[in-house]
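Here's the structure, in structure tokens; my notes come after.
Position 1 is the first residue of the sequence; numbering continues from there.
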Amino acid sequence: MPVIKGWKFPIQVNKTNGKIKTVEDNENVKQSVKMILETRPNERKIVPEFGANLRQYMFETISPGVISSLEGEVENAIKTWESHIGDMNVSVKSETGTISYLEANVDYITDIEPTQERVSKSISDKE
């Protein structure tokens, strides 16, 4: 029996029965983490605080402080919006100089099935 169940994103319809496709447990958590990383605060009008503010760091000059702030931003957003993550490590990679590309990696273990999972999100000035 699944612990949690949610819609599959992007939303898809099962052509056989006409129902919206769903995901369960760790896959549901993985989708949740992806949505948190991909959503900008104020993008969702009903829940304006939802999301991680990765884009605010674009074009900042790389420093240990900027990387640390970005990692903290991601970690706080995930802790706020995803309750099934027990152990988490956030790391950010970027090119030297002014940030025009960054990659956030979130390694975590859920309280559902204790397997190591990773979600990555890349952002560039090309988006």
With sequence neighbours left out, write down each residue that passes side-chain contact (heavy atoms from CB on, under 4.5 Å) with Val13, or none if nothing qualifies. none
Quick one: pull up NZ in Lys8 and CD in Glu27 and give me the separation to the nearest 0.5 Å. 6.5 Å
Could you check if a side-chain atom of Met35 sits within less than 4.5 angstrom of a side-chain atom of Lys30, using non-hydrogen atoms only? no
Within the distance-only criterion (no hydrogens, no angle test), does the side chain of Thr80 pair as donor or acceptor with the backbone N or O of Asn76 below 3.5 angstrom? yes
Ile4-Phe50 co-clustered via ILVMFWY side chain contacts under 4.5 Å: yes
Is there a donor in the side chain of Asn14 and an acceptor in the side chain of Gln12, or the other way round, less than 3.5 Å apart? no
Rounded at 0.5 Å granularity, tell me how far NE2 in His84 sits from CD1 in Ile112. 5.0 Å
Should Val119 and Val23 be counted in the same cluster of Ile, Leu, Val, Met, Phe, Trp and Tyr side chains packed under 4.5 Å apart? no
Step by step, would you call Asn105 with Val90 a side-chain contact (heavy atoms from CB on, under 4.5 Å)? CA-CA 6 Å; Asn105 295 301; Val90 176; over 6 Å; no
Contact between Trp81 and Val47 at the side-chain level, heavy atoms closer than 4.5 Å - yes or no? yes
Could you tell me the separation between the OG1 atom of Thr115 and the CD atom of Glu117, rounded to the nearest 0.5 Å? 4.5 Å
Side chain of Asn26, backbone of Glu113: donor and acceptor closer than 3.5 Å? yes
Does Lys79 form a salt bridge (Lys or Arg N to Asp or Glu O under 4.0 Å) with Glu75? I'd like the steps, not just the answer. CA-CA 6 Å; Lys79 284 180 179 178; Glu75 187 172 333; 2.9 Å; yes
Ser83 to Asp111 - nearest heavy-atom pair and separation: O-OD2, 4.0 Å
Taking every heavy atom of Val3 against every heavy atom of Asp25, the minimum-distance pair comes out as N-OD1, 2.7 Å
Tyr101 and Ser94: side-chain donor and acceptor closer than 3.5 Å? no
Just how far is it from atom CD of Glu38 to atom CD of Glu43, taken to the nearest 0.5 Å? 9.5 Å
Side chain to side chain contact (heavy atoms under 4.5 Å, CB included) with Val92: of Leu70, Leu54, Val66, only one passes, and it is Leu70
With rounding to the nearest 0.5 Å, note down the distance linking CD1 in Ile85 to OG1 in Thr110. 8.0 Å
Determine, step by step, whether Met88 and Val106 satisfy the side-chain contact (heavy atoms from CB on, under 4.5 Å) criterion, reporting the C-alpha distance in whole Å, the side-chain angles of both residues, the deciding distance to 0.1 Å, and the verdict. CA-CA 7 Å; Met88 174 176 41; Val106 181; 3.9 Å; yes
Which pairs count as ring-ring contact (aromatic ring centres under 6.0 Å, His included) when at least one residue sits in residues 3-46, sequence neighbours excluded? none
Here the pair of heavy atoms bringing Ser122 nearest to Glu103 is OG-CG, 3.8 Å
Distance col, row Ile78:CD1 vs Glu73:CD, nearest 0.5 angstrom, shows 11.0 Å
Would you please say whether a donor-acceptor pair under 3.5 Å links the side chains of Asn53 and Gln56? yes
Do Glu49 and Pro41 have side chains that get closer than 4.5 Å, going by heavy atoms? no
